[in-house]
Amino acid sequence: MSVKIAIVEDEEELQHYYGKMLEDWGKLNNIRLIITSIGSSEEFLFKYDKQEIFDIIFLDVCMKDMNGMELAHKIRKYDRNVHIVFVTGKPEYVFEGYEIGAIRYLVKPVDERKLAQALDACMEKIREHAEDYLTIKYLGENLKLSRNDIIYVKVDGHYLQMQTVSKCYEWKASLKEMFSKLDSDRFVMANRSVVVNLEHVNKITREECILENGKAIPVSRGAFGVLNDAFMRYYFK
């Protein structure tokens, strides 16, 4: 198992300090950690804005210019699943941190035991939701996506378009292949070209499937019965 971790910290010495403790924890627990050190909020946004590639982010609150709390708010706008661990010397931020959905709040100086406890808590959450993610090969890299964030998947010639809550991905693949990776309780065909996630459906008529974002997906005559029954089961089970 591999886990991608970002350390967002403006002090290089602390980057190395946290990185060494993370590596030791990974070896002890037989988990491969892919660690990326980032020196500022601005650097994070420049390199990784709107990219859901990290499983855990260790985020220093008190950084120059844009602080870690501001960065966390920006991250949460497009990534509801990444596990954020705040690190700071100012405990007064703790309540705002939990409002953002931080899994832990570490007060400096951080010791190995506290860091290990934070990692254990993150891994428990990751394992709980592991089955709710899928991995696709996108632009030469393995991209992990939450099934819950997928709004619909559409085939266009030899290409798939996957619309998520944050962006649209397009790559060469078949709809049949992708459909096999999606659970049938949530994902249902609206027509021969589009699979919708019932989690993001507001209304179904005989002609259209209305999504939360206002988009209308055409519903074929043959798909209406199955789609409508699935919608009723999903919300009234």
Side-chain angles (χ1 to χ4, degrees), residues 2-23 25-26 31 33-112 114-126 128-129 132-133 138-139 141-146 148-150 164-169 213:
S2 63
V3 176
K4 292 184 177 181
I5 299 179
I7 302 171
V8 186
E9 165 63 59
D10 57 1
E11 294 185 40
E12 192 172 339
E13 185 177 341
L14 287 177
Q15 289 180 9
H16 294 309
Y17 175 64
Y18 300 145
K20 177 64 168 59
M21 287 194 290
L22 290 171
E23 288 174 359
W25 180 91
I31 295 173
L33 301 183
I34 303 170
I35 303 169
T36 303
S37 294
I38 302 162
S40 68
S41 296
E42 291 77 13
E43 181 184 348
F44 183 97
L45 292 173
F46 180 74
K47 293 181 177 178
Y48 305 107
D49 189 27
K50 296 182 175 61
Q51 296 183 45
E52 301 175 46
I53 62 175
F54 295 111
D55 301 296
I56 305 170
I57 300 176
F58 282 85
L59 185 52
D60 184 20
V61 172
C62 300
M63 293 184 288
K64 298 174 183 177
D65 299 322
M66 183 189 297
N67 66 38
M69 200 62 70
E70 291 176 84
L71 175 60
H73 279 288
K74 290 181 179 294
I75 291 170
R76 276 290 179 249
K77 287 180 179 178
Y78 66 86
D79 192 343
R80 297 177 295 176
N81 303 298
V82 66
H83 302 294
I84 296 174
V85 179
F86 284 113
V87 184
T88 187
K90 295 187 176 181
E92 60 264 29
Y93 285 106
V94 64
F95 294 109
E96 186 179 354
Y98 288 128
E99 286 174 5
I100 292 171
I103 200 165
R104 277 289 190 277
Y105 197 97
L106 302 179
V107 178
K108 295 179 180 179
V110 179
D111 62 41
E112 194 166 0
K114 291 289 187 182
L115 190 78
Q117 288 174 348
L119 281 166
D120 289 342
C122 289
M123 289 307 302
E124 183 179 350
K125 295 291 185 182
I126 289 170
E128 281 177 6
H129 297 97
D132 209 30
Y133 285 84
Y138 185 73
L139 299 180
E141 295 186 355
N142 288 320
L143 181 66
K144 189 180 76 172
L145 297 172
S146 167
N148 210 41
D149 285 348
I150 300 169
T164 71
V165 293
S166 59
K167 67 182 292 185
C168 183
Y169 300 91
N213 61 8

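No experiment lies behind these values; they were computed from the predicted model shown.
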message: Could you report the tightest heavy-atom contact between I5 and F54, atom names first, then the distance?
response: C-CD2, 3.9 Å
message: What's the separation between atom CG in N142 and atom CD1 in I53, rounded to the nearest 0.5 Å?
response: 12.5 Å
- prompt: Can we say D49 and K74 salt-bridge, meaning some charged N sits less than 4.0 Å from an Asp/Glu carboxylate O?
  reply: no
message: Walk me through whether R76 and I84 qualify under side-chain contact (heavy atoms from CB on, under 4.5 Å).
response: CA-CA 10 Å; R76 276 290 179 249; I84 296 174; 3.9 Å; yes
field: Full working for side-chain contact (heavy atoms from CB on, under 4.5 Å) between V87 and I7
entry: CA-CA 10 Å; V87 184; I7 302 171; over 6 Å; no
- prompt: Going through the checks in order, is the side-chain contact (heavy atoms from CB on, under 4.5 Å) test met by K108 and L14?
  reply: CA-CA 10 Å; K108 295 179 180 179; L14 287 177; 3.8 Å; yes
- prompt: Which class fits the ring pair Y105 and F86: parallel under 30°, tilted 30 to 60°, perpendicular over 60°?
  reply: tilted
- prompt: Heavy atoms, side chains only, cut-off 4.5 Å: are V85 and L115 in contact?
  reply: no
message: Given 3.5 Å as the limit, does a donor-acceptor pair link the side chain of Y169 with the main chain of T164, or not?
response: no
query: Any idea which heavy atoms bring L33 and L22 closest together, and the distance?
result: CD1-O, 3.1 Å
- request: For residues Y48 and Y78, report the shortest heavy-atom separation together with the two atoms involved.
  value: O-OH, 3.6 Å
task: Look up atom CG in D55 and atom SG in C122, then write down how far apart they are to the nearest 0.5 Å.
output: 9.5 Å
task: Step through the shown structure and confirm whether more than 12 heavy atoms of other residues, nucleotides or ligands are within 6.0 Å of CD on E124.
output: no
message: Quick check on K144: does its NZ atom have over 12 non-hydrogen neighbours (other residues, nucleotides or ligands) under 6.0 Å away?
response: yes
query: Would you say the side-chain atoms of Q15 pair up with the backbone N or O of E9, donor to acceptor, closer than 3.5 Å?
result: yes
- prompt: Nearest 0.5 Å, what's the CD1-CG distance between I75 and N81?
  reply: 13.0 Å
message: Give me the atom names and distance for the closest heavy-atom approach of W25 to M123.
response: CH2-CG, 3.3 Å
Under 3.5 Å donor-acceptor, E23 side chain and K20 backbone: no
field: CG-CZ distance between L119 and F58, expressed to the nearest 0.5 angstrom
entry: 4.0 Å
statement: Between D60 and the options L71, N67, D10, the side-chain contact (heavy atoms from CB on, under 4.5 Å) test singles out D10
Donor-acceptor pairs under 3.5 Å, side chain of residues 35-43 to any protein atom, not counting sequence neighbours: which ones?
from : atom 1 : to  : atom 2 : distance (Å)
S40  : OG     : E43 : N      : 3.0
S41  : OG     : M66 : O      : 2.9
E42  : OE2    : M66 : N      : 3.1
E43  : OE1    : G39 : N      : 2.9
E43  : OE2    : K47 : NZ     : 2.9

statement: Interatomic distance, CG@L143 vs CD@Q51, rounded to 0.5 Å, equals 9.0 Å
task: Would you check if V8 and M63 make a side-chain contact, meaning some heavy-atom pair closer than 4.5 Å?
output: yes
query: When rounded to the nearest 0.5 angstrom, what is the spacing between CD1 in I126 and CD1 in I31?
result: 8.5 Å
